[in-house]
Amino acid sequence: MSKVRVRFAPSPTGGLHLGGVRTVLYNYLFARHHSGEFVLRIEDTDQSRYVEGAEEYIFDCLKWCGLEPDESVQIGGPYAPYRQSERKGLYFQYAKQLVDTGYAYYAFDTQADLEDMRSRHKTDANPTPQYDHKLRTQMRNSLTLPPNEVEQLLANNTPYVIRIKIPENTIVEFDDMIRGHVQFDTNLVDDKVLLKADGMPTYHLAVVVDDYLMKITHAFRGEEWLPSAPVHLLLWKYLGWYNDMPKWAHLPLILKPDGHGKLSKRDGERLGFPVFAMNWKDPKSGELTQGFRERGFLPEAFINILALLGWNDGTEQEIFSLDELIQKFSIERVHKGGAKFDFEKAKWFNHQYLQRKTNEELVGLVKPYIAEHSVSIDDSYLKKIIGLIKERCTLLPDFWEQGHFFFKTPEIKELSVITDKWNEQKKAFFEGWVNSFNSIDWTHDALENSFNEQLTAHSLKKGDVLLPLRIMLVGGKYGPGVFAIAEMIGKEETKKRIINIIKRASEY
RNA sequence: GCCGCGUUGGUCAAUCGGCUAAGACGCCUCCCUUUCACGGAGGAAUGACGGGUUCGACUCCCGUACGUGGUACCA
């Protein structure tokens with residue numbers, strides 16, 4: 001078999017969706033697994049949907065994910081250009097060839113003609129009439145018009161499109177790598193436009209011409225493309241390239257966690273989780289949509305989540321590095337059914353990856369999130385703190401939530417824990433303990449020992465003052481062991497925090 | 001409406017005719033920890049429905065239901 005070549009062909013119209021990244025991933029894994037090539041082609045044939053910056057954004061996302069193509073508009077390749085708008089001139093000859101061989105025809109119907117046709121033929125039984133083998137005989141095209149009139153229209157530069165002439169009474173079938181045998185009755189397929197009035201191809205023409213020209217061997221795309229597969233198949237036949245047609249795999253959809261339907265960015269906003277790989281700001285509306293990266297996900301975790309959303313290796317393993325995925329991925333084990341996205345599970349994956357990182361690695365990752373709160377950071381100090389708190393962190397911003405009190409005096413959110421049961425005995429205890437600070441080594445164990453000594457001296461139990469101490473140092477009921485915190489923040493700061501609260505509590 | 005595709009716990013899912021139906025997330029209980037988390041031990045919770053085929057069906061076939069996608073000069 002010839003060298004494996006796959007492609008991801010997004011249209012640059014906005015943020016890169018979870019499902020899009022998964023399609024990239026499966027392409028990438030398949031290509032690497034078979035030592036093949038992964039091509040990124042930009043499908044920008046709809047000029048009305050052009051969005052500034054969207055193409056660049058896609059590349060940035062792939063870079064963040066570590067799924068970089070072997071050929072693309074950015075790095076070029078032997079089949080350049082990789083942007084369909086730049087290949088515009090190429091498609092006409094193939095459309096023309098189809099017309100000449102009788103597999104396609106010119107259609108001169110205006111937008112109004114089409115609307116008119118649809119409204120005239122619309123019935124309850126057929127709510128969306130199609131431009132098909134039945135109706136094409138009633139429209140203005142090179143099949144119904146006399147040849148000289150067609151020539152005249154063409155000569156006058158009358159706007160036209162080229163439509164595929166779908167045959168009647170034919171079964172189009174193929175074997176999908178995921179779904180097995182699939183078949184369609186051509187009587188139910190419409191005469192799709194191949195070449196638009198502006199001279200641009202539609203997706204249907206472009207995808208087969210480019211897959212052929214770029215020597216694509218395996219084509220993976222979302223399940224939403226399955227209904228148009230017969231058109232593509234017929235095109236491969238009519239163009240005489242059938243033997244070179246790639247093997248198809250239609251990937252299952254990623255669904256909303258609640259309710260039903262394809263996952264959309266709106267669902268993310270509604271339910272509070274990201275849907276795009278990275279932040280996307282719409283240049284027209286200025287609307288910002290949050291991405292997994294900015295939410296604090298690690299790219300390795302993000303990839304792992306996506307890989308398992310529709311695929312598994314049949315064992316109990318859930319954590320896979322990219323290399324393992326490349327080694328173990330097989331398209332046959334991809335599910336047929338769509339999967340609902342579960343953000344809780346996604347967070348669990350990220351937590352797993354965070355725990356597997358060394359504290360050194362985490363320093364660089366966490367730093368920006370600490371810096372956001374304008375505190376000065378010392379790397380070795382940060383590293384120690386990370387060691388203390390990382391097991392309670394799931395997303396990168398959690399490091400601030402879980403460790404802010406190491407950097408600045410916390411706001412006391414649960415003061416009542418102290419004040420509700422405050423008394424002279426406790427006050428004396430804390431004062432006594434603070435006074436002993438000068439005579440002890442400032443280490444975790446020494447701190448704990450002196451704390452215990454003070455306890456017996458004041459006839460108190462640990463339970464009476466340990467939680468109040470935590471509130472004094474942390475502000476709330478969370479965090480690592482109090483003596484570890486005290487050790488880290490130092491004698492002066494510890495003293496300051498305690499004395500401060502003694503004052504406040506005594507005023508009650 | 002029509003066509004395609006799908007359907008194992010709340011979610012992700014294993015199973016390729018032998019099932020007392022794995023595992024993970026989430027949830028609940030307990031232990032650990034005088035905080036939170038981590039960790040540990042338990043628990044509740046699944047084959048859409050109806051027909052076949054078969055000694056035997058979650059697994060194969062056929063219906064039905066439900067879901068989902070498509071039905072554009074968008075991809």
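Every chain is numbered from 1 and lettered A, B, ... according to where its sequence line falls, protein lines coming before strand lines. Scope of the values below: all heavy atoms of this structure, side chains included, with no hydrogens, waters or symmetry mates.
- For the OP1/OP2 pair of B/A14 and a distance below 4.0 Å, the side-chain nitrogens and oxygens of A/His335 include at least one atom meeting the criterion.
- With P as the reference atom, B/U11 and B/G26 are 16 Å apart, rounded to whole Å.
- The base-pairing partner of B/C12, taking Watson-Crick or G-U wobble contacts with both distances under 3.5 Å, is B/G23.
- Here the C1' atom of nucleotide B/C36 and the NZ atom of A/Lys390 are 18 Å apart, to the nearest Å.
- Close to B/A14, at under 4.0 Å from its OP1 or OP2, lies a side-chain N or O of A/Asn312.
- Comparing B/U71, B/U34, B/A75 by their nearest atom to the side chain of A/Gln130 picks out B/U71.
- Between the P atoms of B/A41 and B/G4, the separation comes to 50 Å (whole Å).
- Among the atoms of the strands shown, only primed sugar atoms or phosphate atoms (P, OP1, OP2) are found under 4.0 Å from some heavy atom of A/Lys262.
- Taking atom P on both B/A22 and B/G10, the two are 16 Å apart, rounded to the nearest angstrom.
- Closest to the side chain of A/Trp348, out of B/U35, B/A24, B/G1, is B/A24.
- Phosphate contact (OP1/OP2 of B/C36, side-chain N/O of A/Arg470, threshold under 4.0 Å): absent.
- Taking the side chain of A/Glu224 as heavy atoms from C-beta on, and the options B/A14, B/U11, B/G69, the nearest nucleotide is B/G69.
- For A/Val193, counting side-chain heavy atoms from C-beta on, the closest listed nucleotide (B/C73, B/C74, B/G69) is B/C73.
- Under the 6.0 Å cut-off for aromatic ring centres, A/Phe302 and A/Phe292 qualify, their centroids lying closer than that.
- Within the nucleic acid shown, A/Val207 has no heavy atom closer than 4.0 Å to any nucleic acid atom.
- Considering only heavy atoms from C-beta on, A/Glu300 stays 4.5 Å or farther from A/Ser321 through its side chain.
- B/C19 and B/C27 have their P atoms separated by 33 Å, with the value rounded to a whole Å.
- Side chains of A/Gln352 and A/Glu318: no donor on one and acceptor on the other come within 3.5 Å.
- Going from atom NE2 of A/His351 over to atom NZ of A/Lys390 covers 10.0 Å, rounded to the nearest 0.5 Å.
- B/C25 atom P lies 15 Å from atom CG of A/Asn350, rounded to whole Å.
- A perpendicular orientation is assigned to the rings of A/Phe483 and A/His444, their planes being inclined by more than 60° (bins at 30° and 60°).
- By the 30° and 60° cut-offs, the orientation of the rings of A/His218 relative to A/Phe220 is tilted.
- For A/Ile319 and B/A13, the CD1 to C1' distance is 15 Å, given to the nearest whole Å.
- A donor-acceptor contact under 3.5 Å is not formed by the side chain of A/Arg179 with the base of B/C5.
- For A/Glu391, counting side-chain heavy atoms from C-beta on, the closest listed nucleotide (B/G70, B/A37, B/C12) is B/A37.
- Of the two residues contacting RNA chain B, namely A/Asp342 and A/Trp225, the nearest-nucleotide position lying further toward the 5' end is that of A/Asp342.
- For A/Tyr203 and A/Trp225, the gap between ring centers is short of 6.0 Å.
- Across B/C32 and B/A13, the matching C1' atoms stand 31 Å from one another, rounded to whole Å.
- Atom CG in A/Leu388 sits about 17 Å away from atom P in B/C36, given to the nearest Å.
- Across the protein-nucleic acid pair, A/Glu318 atom CD and B/G23 atom P stand 12 Å apart, rounded to whole Å.
- The side chain of A/Tyr478 lies closest to B/C36 when the candidates are B/C36, B/G26, B/G4.
- Partner assigned to B/U33 is none, using Watson-Crick or G-U wobble distances below 3.5 angstrom.
- No contact: A/Arg221 has no heavy atom under 4.0 Å from any strand.
- Residue A/Pro10 is out of contact with every strand shown, counting any heavy-atom pair closer than 4.0 Å.
- Distance A/Leu233 CG to B/G4 P: 16 Å, rounded to the nearest Å.
- On the P atoms, B/U8 is 12 Å away from B/C49, given to the nearest whole Å.
- Pairing for B/U7 is with B/A65, a Watson-Crick or G-U wobble pair whose two hydrogen-bonding atom distances lie under 3.5 Å.
- Base pairing analysis places B/U71 opposite B/G1; the two distances defining the Watson-Crick or G-U wobble pair are each below 3.5 Å.
- At the phosphate of B/U11, OP1 or OP2 sits under 4.0 Å from a side-chain N or O atom of A/Lys340.
- Between B/A75, B/G70, B/C73, one nucleotide has an atom nearer to the side chain of A/Ser11 than all others, and that is B/A75.
- The partner of B/C55, taking Watson-Crick or G-U wobble pairs whose two distances both stay under 3.5 Å, is B/G18.
- The listed nucleotides are B/C36, B/C5, B/C38; the one nearest the side chain of A/His351 is B/C38.
- Of the N and O atoms on the side chains of A/Asp398 and A/Tyr369, not one donor lies less than 3.5 Å from an acceptor on the other residue.
- Residue contacts for A/Thr45: at a heavy-atom cut-off of 4.0 Å it reaches the sugar-phosphate backbone alone, with no base atom in range.
- Note on A/Lys462: a base of the nucleic acid sits closer than 4.0 angstrom, heavy atoms only.
- For the pair A/Gln47 CD and B/A75 P, the computed distance is 10 Å after rounding to whole Å.
- Heavy atoms of A/Asn187 sit nowhere under 4.0 angstrom from any nucleic acid atom.
- In this structure, A/Gly481 reaches the bases: a heavy-atom distance under 4.0 Å links it to at least one base atom across the strands shown.
- Of the candidates B/C74, B/C25, B/C5, B/C74 carries the atom nearest the A/Thr202 side chain, counting heavy atoms from C-beta on.
- Residue A/Gly337 is classed as a sugar-phosphate contact, given heavy-atom separations below 4.0 Å to backbone atoms only.
- Atom C1' of nucleotide B/G4 and atom CD1 of A/Ile166 are separated by 15 Å, given to the nearest angstrom.
- With a cut-off of 3.5 Å on both pairing distances, B/G47 has no Watson-Crick or G-U wobble partner at all.
- Distances shown here put a side-chain N or O of A/Lys196 below 4.0 Å from the OP1 or OP2 atom of B/C74.
- Closest to the side chain of A/Leu188, from the set B/A72, B/C3, B/G4, is B/C3.
- Base engagement by A/Ala197 is indicated by at least one non-hydrogen atom pair under 4.0 Å involving a base atom.
- Taking atom P in both B/C28 and B/C38, the straight-line distance is 12 Å, to the nearest Å.
- For A/Gln111 and A/Leu467, each mapped to the nucleotide of RNA chain B holding its nearest heavy atom, the one lying further toward the 5' end belongs to A/Leu467.
- In this model, no side-chain donor or acceptor of A/Lys192 finds a partner on the base of B/A72 within 3.5 Å.
- Tested against A/Leu195, the residues A/Val161, A/Leu205, A/Thr202 include a single side-chain contact (heavy atoms from CB on, under 4.5 Å) partner, A/Leu205.
- In summary, the side chains of A/Asp109 and A/Tyr131 do present a donor paired with an acceptor at a separation below 3.5 Å, with no hydrogens or angles considered.
- Contacts of A/Gly261 with the nucleic acid, taken as non-hydrogen atoms under 4.0 Å apart, involve only primed sugar atoms and P, OP1 or OP2.
- Nucleotides B/U15 and B/G23, compared at atom P, are 15 Å apart to the nearest Å.
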